[in-house]
Amino acid sequence: FRIQCFWTQIEVGPKVRVFGVPVIMAAYGNIKIEEGVKLYSSSYYSIAASLNHRTRLSALTPSGHIRIGRYTAINGCSLTCRSTQILIGEYTLFGPNCVVMDFDGHRLWPPEARDVPSVDLDQPVLIGNRVWIGMNCIILKGSRIGNNSIIAAGSLVKGEIPENCLAAGQPARPLKFFA
């Protein structure tokens with residue numbers, strides 16, 4: 001893992017632990033993994049209930065930037081940054097099989113334009129410190145999740161989730177606030 005990161009110029013902090021073999025694509029963009037991060041890519045090592053695939057980190061263009069904060073744990077999730085940034089705070093926990101993206105993937109209409117993605121519509125994703133994201137969540141472009149929040153399993157996050165709350169649903173909405 002560290003050799004792969006060295007050759008692809010990925011910054012890796014001390015005490016990073018990798019379980020299984022993650023898929024890392026940073027030929028063009030920038031990925032920074034800070035101190036104490038854990039990446040789970042194997043259900044054998046995972047503390048999660050049902051890990052479906054390996055952790056995948058992808059920065060697809062030179063302006064794409066992924067930063068994973070200190071002591072964050074990621075379980076078989078896909079973080080794909082095309083042209084903006086995905087910033088994850090410290091001590092954040094990802095349940096298995098989550099997807100985080102800064103772009104739509106393709107246009108919805110007209111059908112002939114679906115294979116021509118535009119970076120003009122990409123928006124950054126910001127996830128605060130001490131956030132817990134349940135399994136099978138999808139976090140779309142332009143989302144901001146405040147510090148100390150919980151995103152319930154199976155939720156779809158689009159937009160802003162305030163600090164200190166439990167959010168759930170599709171789209172996720174705050175259900176309860178913590179003192």
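Sequence positions, counted from 1, serve as the residue numbers for this chain.
- Side-chain contact check for L79 versus I88: some heavy-atom pair is nearer than 4.5 Å.
- Residues Y91 and N129 have side chains not in contact (no heavy-atom distance under 4.5 Å, counting atoms from C-beta outward).
- With hydrogens and angles ignored, the 3.5 Å screen pairs no side-chain donor or acceptor of T92 with any backbone N or O of T72.
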Criterion side-chain contact (heavy atoms from CB on, under 4.5 Å) on Q85 and D102, from CA distance to verdict:
CA-CA 7 Å; Q85 58 187 351; D102 75 336; over 6 Å; no
Decide yes or no on side-chain contact (heavy atoms from CB on, under 4.5 Å) for S58 and T80, but give the supporting numbers first.
CA-CA 5 Å; S58 304; T80 306; 4.1 Å; yes
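- Between P22 and F1 the shortest side-chain heavy-atom distance falls below 4.5 Å.
- Under the 4.5 Å side-chain heavy-atom criterion for Ile, Leu, Val, Met, Phe, Trp and Tyr, I10 and I68 are members of the same hydrophobic cluster.
- At distances below 3.5 Å, at least one donor-acceptor pair connects side-chain atoms of R54 with backbone N or O atoms of V21.
- Distance check, rounded to the nearest 0.5 Å: CZ of R130 to OG of S149 gives 13.0 Å.
- Side-chain contact check for E163 versus N147: some heavy-atom pair is nearer than 4.5 Å.
- For the atom pair E90 CD and Y71 OH, the distance stands at 9.5 Å (nearest 0.5 Å).
- Of all the heavy atoms in S83 and S63, the pair that sits closest is O-OG, 2.9 Å.
- Hydrophobic cluster membership is shared by V99 and V23, with clusters built from Ile, Leu, Val, Met, Phe, Trp and Tyr side chains linked at under 4.5 angstrom.
- The shortest distance between side-chain heavy atoms of S41 and T55 falls below 4.5 Å.
- When all heavy atoms are compared, the tightest approach of V157 to S143 is O-OG, 3.1 Å.
- For N164 (side chain) and F177 (main-chain N/O), no donor-acceptor pair under 3.5 Å exists by modelled atom type.
- Heavy atoms only, all atoms of each residue included: A59 and G64 are closest at CB-O, 4.0 Å.
- The minimum heavy-atom distance between G95 and C77, with the atom names listed, is O-SG, 3.2 Å.
- Side-chain atoms of R56 and M25, non-hydrogen and from C-beta on, do get closer than 4.5 Å to each other.
- For F178, the CZ atom sits in a packed shell: over 12 heavy atoms of surrounding residues, nucleotides or ligands are nearer than 6.0 Å.
- Rounded to the nearest 0.5 angstrom, Q170 CD and C137 SG are separated by 9.0 Å.
- Hydrophobic clustering, with ILVMFWY side chains joined whenever heavy atoms are under 4.5 angstrom apart, groups I33 together with V18.
- A 6.0 Å sphere centred on NZ of K158 holds more than 12 heavy atoms belonging to other residues, nucleotides or ligands.
- Rounding to the nearest 0.5 angstrom, the gap separating the CD1 atom in I150 from the CD1 atom in I161 is 12.5 Å.
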Under the criterion side-chain contact (heavy atoms from CB on, under 4.5 Å), I'd like the reasoning laid out for I127 against I133: C-alpha separation, chi angles, the key distance, then a yes or no.
CA-CA 10 Å; I127 300 172; I133 299 172; 4.1 Å; yes
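- Ion pairing of D122 with K141 is absent here, as no side-chain N (NZ or NE/NH1/NH2) approaches a carboxylate O to less than 4.0 Å.
- At least one side-chain heavy atom of L87 sits less than 4.5 Å from a side-chain heavy atom of H65.
- Criterion: ILVMFWY side-chain heavy atoms under 4.5 Å apart, direct or through other members. Under it, I24 and I66 are part of a common hydrophobic cluster.
- At a threshold of 4.5 Å between non-hydrogen side-chain atoms, the residues Y40 and P96 do not count as touching.
- One distance of note links SG of C98 with CG of N136; it measures 7.0 Å at 0.5 Å rounding.
- L57 and V12 fall within a single hydrophobic cluster, where Ile, Leu, Val, Met, Phe, Trp and Tyr are joined by side-chain heavy atoms under 4.5 Å apart, directly or via other members.
- A152 and S155 get closest at one heavy-atom pair: O-OG, 2.8 Å.
- Between atom CD of residue E34 and atom CZ of residue R70 there is a gap of 7.5 Å, rounded to the nearest 0.5 Å.
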